[in-house]
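Working notes, beginning with the structure itself.
Throughout, protein chains are lettered first and strands after them, A, B, ... in sequence-line order, and every chain is numbered starting at 1. Hydrogens, waters and symmetry mates are skipped; everything else that's a heavy atom, side chains included, is used.
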Amino acid sequence: GGQQSSEDAPMDDVLKIVLILNGTLGDKSFFDSADNGMKLIKDKYGDKVLVKTIEMNYDETKWEPTLLDVAEQDWDIVIMGTWQMTEMLQEAAPDYPDKKFIIFDTEVDYSLPDMDNIYSITYKQNEASFLAGALAARVTTSDMPLANPEKMIGFLGGMDIPVINDFLIGYIEGAQYIDKDIKVAVSYIGSFDDSAKGKEMSLAQYSQGADIGYNVAGQAGLGQLDAAKDADRYAIGVDSDQAELFLSTDPAKAELITTSVLKRVDNSLLRAIDLHMAGKAPWGSSEILGFEEEAVGFAENDIYMKVVPAEIREEMDMLQKKIIDGDIVVSSAFGMSSSEIQALRDSVSP
Amino acid sequence: MFKQKKLFELFRTVLAIVIALIIALITILFASEEPGRALSLFLFGPMDSLRHFGNVLEMMIPLLFTGLAVSLMFSAAQFNLGAEGAFFLGGISATAVAINQNLIPFVHPVLSILAGGLAGAVFCGIPALLKVKWNASELVSSLMFNYVALFLGLYLINYYMRDVDAGAMVSFRLAETSKLVKLIPGTRVHFGLIIAALTVVAGYYFMYRTRWGYRIRLTGLNSSFARYSGIRTASVIILSQVLGGFIAGSGGAIEILGMYRRFSWQSLPGYGWDGIIVAILARNNPALIPVGAFFLAYLRIGADLMARSSDVQSEVVYIIQGVMIVLIAAESFLAHYRHKLVYREARKSATTGE
Amino acid sequence: MSDFFNIIFSVDFGYAVLRVTTPILFAAMGALISDKAGVINIALEGMMLIAALTGVIVSALAQSAGLGLLAAVIVGALVGMILAYFALNLKTDVILAAIAINLIAMGGTVFILFMVGGDKGISSSLPSKVLPRIDIPLLKSIPVVGPILSGHNILTYMAFLSVWVMYIFIYKTPLGLRIRAVGENPDAADSVGISVRKIQYIALTLSGALAGFGGAYMSMGYVSWFSKNMTAGRGFIALAAEAMGGATPHGAMFTSLLFGLFDALSNSLQTLRVPAEFIQMIPYLATVIGLVIYAANKTEQIKRIQAQKERQAGTKTEKGKTT
Amino acid sequence: MNNITKVYPNGIVANEGVDFSLRKGEIHALVGENGAGKSTLMKILFGLEHPEEGEILLKGNPINIGSPNVAIEHGIGMVHQHFMLVPSLTVAENMVLGSEPRKGLYVNIKKASTETLELSRKYNLAVDPSARIRDLPVGIKQKVEILKALYRGAEILILDEPTAVLTPQETKELFEELHLLKEQGSTIIFISHKLHEIKELCDRLTIMRNGRSQGVFNVADVTEKDISRLMVGRDVILEVEKGPASPAAVSLKVEDLTVVNDFGKKAVNNISFSVRKGEILGVAGVEGNGQSELVEILTGLQRINFGSVEIEGVNIAGKSIKDIRNLGTCHIPEDRMTYGVAETLDIEQNLLADKHDSSRFTGRILTKPKIIRENSLKLIEEYKIKCGSPLEEVKMLSGGNIQKVVVAREFSVEPKLIIADQPTRGIDVGATEFIRKRLVELRDEGSAVLLVSADLNEVLELSDSLIVMYNGEITAYIEDVKSLGEEELGLFMLGINKQSDSEIGRALHV
Ligand SMILES: Nc1ncnc2c1ncn2[C@@H]1O[C@H](COP(=O)(O)OP(=O)(O)OP(=O)(O)O)[C@@H](O)[C@H]1O
Ligand SMILES: Nc1ncnc2c1ncn2[C@@H]1O[C@H](COP(=O)(O)OP(=O)(O)OP(=O)(O)O)[C@@H](O)[C@H]1O
Ligand SMILES: [Mg+2]
Ligand SMILES: [Mg+2]
């Protein structure tokens, strides 16, 4: 459920926006972030907008009916995310030409007819992960208090699937950019729920010599943060600023989360509505957002400032600039076959 | 007397539903500012448009298959929980055939469904074989095999069927020739419903009107007696599990062919457990499977509509479902009154009979 | 390959096995007690989940890990009673009732988490407590064994202790005797004035309490928060472990450890160059293989003995004939 | 007990206004047909069932027996028709179950054992406290059951058909023990279908029929014939009329058969005999002397170890149960609830078990419901199975009627060889008479009958010729049973006497 109910919307000049999530809230990842986007919009525009978030759960057969339901209802803009929604949207959108659709984290095929009421947003998470990889490489070779001599860093993925691997590839490239000899221990939990298993796997990585890990496994990845505390090692969070999660309840743990790679769906949605209000929204096309648009980022919080030595931070800023300027081009896992990815993983395996 | 008992059963069920609804309402009161609207969405939402009612029928299809599969397996007194894995593997195998672009319509879905069914049959047959040969608990082995099925299936998709141009771990698109036709315009109700209906009818006849069904039931009710009567119980057990697996596997195949563009499950879809619910509600009787499946599907869709269109948390629907299922299946609910009724009747017939 | 051996012969690995085994062991003991009383408890999964959430909420409110544990165990027991009420009083099929409880637990925990913590995924906003780890003074200083056995969460020790307690309880105490009698022949128990329903109530309640320990370990020991569906099938694995262990406390402990061993192995082996899916399969496949080997051994043994006896008897018969 | 009425949830009125009274120190028999309501009445007295109407007075005071616990407190003990023991527990554990002596938190097993021993000495019921129930023969189990009731301080002891599973020797022993109990002040209610036992043991008797009491009588004042008339409502012929047998060709031939059981013991040791068409061959012997194993081999339930068995000229080694049945064999099993029926299945389907796939009842694919219904109605009528409809579950029937279902099914195949294992165990005189008559009829129609029974009367009355088994071996072959006295038979059964090999060899009819 969301904040307001739809039916009793009074005036016509209110912009009615609905977000349909093909999952549930609480993922500490981009569904939560998208929901937060709706809050940002509401905060900024107040009574001029009506917003609502609908969770469709993970049962894929429920998504299409929901999409059609909301398309038929009195909403002006329908927002959804992930690649899984694209084909449904491509089929549905032409039937509702007076409605607008925003889809994030993927893009529709604009070569198809009548796609001009859809705006697609994708993110350069591989670029942000590149920075995480570079940071991890610097940390493991540094003389920071919890670093060890082994040149080994960890990666904890939820499942062996393209989105996760897109993070992985950026991470590997970032690490190798710093030092070709860096080894990356890669584990997949096989689930996005099982944080205990996530912890177990991270502990195994730490005990095998990794001194910093990067988790990209939703809720299950949080196990890595616990593991970092147990093993006294560093961690890198993902999607939202994970240090913030624990800052008040478990500061000791928060101190080990050097930074988090951010995927700011919220910012990108607010930006989209801003553009729409200004009449400049690029309906009928797609945008890839990155550091510049603050759609991806690197959590430069107090802990980052405190824990990471200044010269490393400076180098990170420099790398970020190089990426923005196009001096560094980061590859993407989308379009790679499973065996190619496997080969890449094997090449850096400890 | 007989009629009165039936009436009483009806009354009992209605009352159980009413009580479950009251509990649901109380839960909703906690979760919602507009409980009345939420409840009415829950109750009547599935009937307020053709599409919504279509959703109920769509959801019934997999439940009919797994419900029937489970009831067949349980009828032989085998506690095989493999319907879950069989359904999943059925979907995978069907996908392997359905992504093939060079087959002709009609033949294509038939082959895909057969592939799904075969995968399911093998999958559920293994625990039965282990049971018959070495007396290894089918409960344990099927439960563990479900996880194996999940990871095996994911591996097959990931390494052999994944569309690298897609932005998620999904298979290639299913060929148009493989899809099951839609039956009702404006809904996604597909030909699978007809197959399911035929399967259920066939299942009923199989269980109650054929020698094989008889053997399965007899073996399930008393295997010593079945053996004594000249029935080879080991093969009967295997037959029932293989058949159940075949039905569950076909169900998975049909679900994929009817409802999906590509294979995209990343975890076990849960229809095997739902099948257990349906089978127990139907007391393993295929004739009652549609009732159980409709009930569960209606409950799910109503709950979804409520969560979607009101402010009720979607998780609340699990609570309501659980309470409803438990109360409706409660055999002793109002047993006291039933007994009073029986007693009165017996007295009456005793006095008039003399 | 030497890496492989380095991993499994490391101290950390041994330590991990015990850690992974703990929640399963508790739940397996829960499965055992209800099994002994003749009711199968498929609701362990849901019970653990509910207890895990309870532990977190109460320990955060009371600022005491001990109270959190207590509450988790009590709530686990309560859920056991509810299952008993439906299965025994209302005569709902016990499997169906348990599936319903699992459903309710799945949704209800998230719902309550949202009401209490304002978040649907994780309880990190609650200042919950974790149960302490315990160093065992003398043991600790022994090389290799010390670091493997010492320094675990208190619940890990309690889990292994519970096996022993269970053994005493089931085989030595009057209540245990009654539980076994009820499970094996309820009519016989009934005929000597034992209330079958009461005994099964007690067993399911204890089963819930044990699952409660397992749940508390998940959220207050294993990790330090509650997250959605965090038990991730451990309740079912426990069920399997109990059945595979031949429904005895020590058998169940052994099989839980076996599962723990293979789970820990699969966690450590991801660096091997094998697709992740195969490594994720290991614990489950190993369990089935273990089960089959155990069962096959037993049947083969019986056959062998039978054949041997036949041979012996046969030679005697032959002799008897000729003389 | 005054005016007791009990209606079961399925609407069956098991007791209707029953009055029942006991005098202190008597042995009171309760008799009636199967399903007359005896067990129900006793279960009410023991608190296992609750009546809709009526009251129970103990020594003049109304008491409310809500559960067996209350009954036990009032000094009522019950030995059930079917054993109420936990097989994996020891005798001592079974004894004390529910009222265990304690030592701290533990069960005081030592005390349980010594108390068991003391009690067993006091009442002359010898048992070994540390033996596991599952390893004990039925006679001992029965003793444990009685001791269990006595351990709980029973002054009123209800015995529901305690002799149904006992051998004559064991029955005799039991009666001595019951007399001893009576002398020591106990009151006993005794249920049995064997009227001679009642004559021998009891002081008074209450007769039940159709859920009502037919009155109380002094045992001395009524004859067995009177009792059976009051029970059944007509005269019952207690002895089967049967003409002399006219044996024809051999139907079953057993040669040098040896069976090794799971403990490596030779349960059947090198026996040979044959059964001819048109004769009833009895197998006499104390239970546990190889009869069950022999029957299991003959019916294919167990694999042959050594020796050969031919049925209708076909060697059955390696043949399935189905094959053996197809040779024209039928089998009335000893344990009807395990092997004879599926309790929760209806009567009609139970009647079909062995012939569900015969072309008469099943077409190429579907079964033929009409013919099946005709068949079940015919059998129900022919065998006088007391039931509401063919669709009633078998478990709703009384034990005797369940047995009739088994017999009806087995006899309806025009059997060439009938293997009847304890065919009348625990069923009332009416049903017993009926089944015996059918056996003789079938013999006269040319079937070969192998009759295994622990009931000496039955063996002596029904058999044309007889083999006696002791310790897995045949100790005697009696060609003409009429010439045999009970005393002589007893000596063979106990293995004290044994015929010469050549005499026994005649059993093979070569
Ligand atoms: N638990 C029960 N539920 C339903 N009906 C029952 C139940 N127990 C007994 N009956 C019915 O009550 C009637 C009387 O049964 P009861 O046990 O008293 O007979 P009985 O005299 O002991 O017979 P038997 O000689 O076979 O032991 C039977 O017709 C039976 O069908
Ligand atoms: N669950 C049940 N439902 C209906 N009737 C039952 C049930 N259980 C027992 N009965 C009936 O109770 C009566 C007595 O049951 P019991 O088991 O004592 O029969 P029985 O004593 O074996 O018969 P018999 O004296 O011929 O051996 C029987 O008449 C049986 O039909
Ligand atoms: Mg390092
Ligand atoms: Mg009786």
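At a 4.5 Å heavy-atom cutoff, the contact between N229(C) and chain A is made by backbone and side-chain atoms alike. The part of F246(A) that comes within reach of chain C is its side chain, from C-beta onward, which places non-hydrogen atoms under 4.5 angstrom from that chain. Neither the backbone nor the side chain of P23(C) has a heavy atom closer than 4.5 Å to any heavy atom of chain A. Looking at L126(C), only its backbone comes within 4.5 Å of chain A, counting heavy atoms on both sides. Looking at S191(A), neither its backbone nor its side chain comes within 4.5 Å of chain C, counting heavy atoms on both sides. Only the side chain of L203(A) comes within contact range of chain C, judged by heavy atoms closer than 4.5 Å. Proximity to chain C (any heavy atom under 4.5 Å) is shown, for S195(A), by both the backbone and the side chain. If you measure heavy-atom distances from S227(C) to chain A, the contacts under 4.5 Å come from both the backbone and the side chain.
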### Query
Could you walk me through whether Q242(A) and S124(C) pass the side chain to side chain contact (heavy atoms under 4.5 Å, CB included) check?
CA-CA 10 Å; Q242(A) 291 184 336; S124(C) 57; over 6 Å; no
#### Entry: M230(C) and D194(A): CA distance, side-chain angles, deciding distance, side chain to side chain contact (heavy atoms under 4.5 Å, CB included) verdict
CA-CA 5 Å; M230(C) 73 185 304; D194(A) 196 343; over 6 Å; no
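Put simply, of V110(C), V11(C), D263(C), D119(C), the one with the most heavy-atom pairs under 4.5 Å next to chain A is D119(C). The choice from A264(C), S224(C), P127(C) that makes the most heavy-atom pairs within less than 4.5 Å of chain A is S224(C). Chosen from I189(A), D250(A), L222(A), the residue pairing most often with chain C at heavy-atom distances under 4.5 Å is L222(A). By number of non-hydrogen pairs under 4.5 angstrom with chain A, the leading residue of V20(C), N267(C), T231(C) is N267(C). Ranked by heavy-atom pairs under 4.5 Å with chain C, the list D226(A), D230(A), T249(A) is led by D226(A). With chain C as partner, the option from K183(A), K199(A), Q219(A), Q342(A) having the largest number of non-hydrogen pairs under 4.5 angstrom is Q219(A). Ranked by heavy-atom pairs under 4.5 Å with chain C, the list L225(A), D193(A), T24(A) is led by D193(A).
Annotation for E200(A) and A16(C): closest pair OE1-CB, 3.6 Å, computed over non-hydrogen atoms. When all heavy atoms of M218(C) and A196(A) are compared, the pair lying nearest together is CE-CB, 3.6 Å. Smallest separation of non-hydrogen atoms from W225(C) and K253(A): CZ3-NZ, 3.5 Å.
The existence of a salt bridge linking D32(A) and K120(C) is excluded, since no basic side-chain nitrogen approaches an acidic carboxylate oxygen closer than 4.0 Å.
More than 12 heavy-atom neighbours from other residues, nucleotides or ligands sit within 6.0 angstrom of CG on D59(A). The environment of OH in Y58(A) is crowded: more than 12 heavy-atom neighbours from other residues, nucleotides or ligands sit within 6.0 Å. Heavy-atom neighbours of I154(C) CD1 from other residues, nucleotides or ligands within 6.0 Å: at or below the threshold of 12.
Annotation: residues 231-241 of chain A contacts chain C through no residue [non-hydrogen atoms, separation under 4.5 Å].
Counting heavy atoms from C-beta on, the side chains of S266(C) and K197(A) come closer than 4.5 Å.
Residues forming a salt bridge (charged side-chain N to carboxylate O under 4.0 Å, His left out) with D266(A) (at least two apart in sequence, or on another chain): R264(A).
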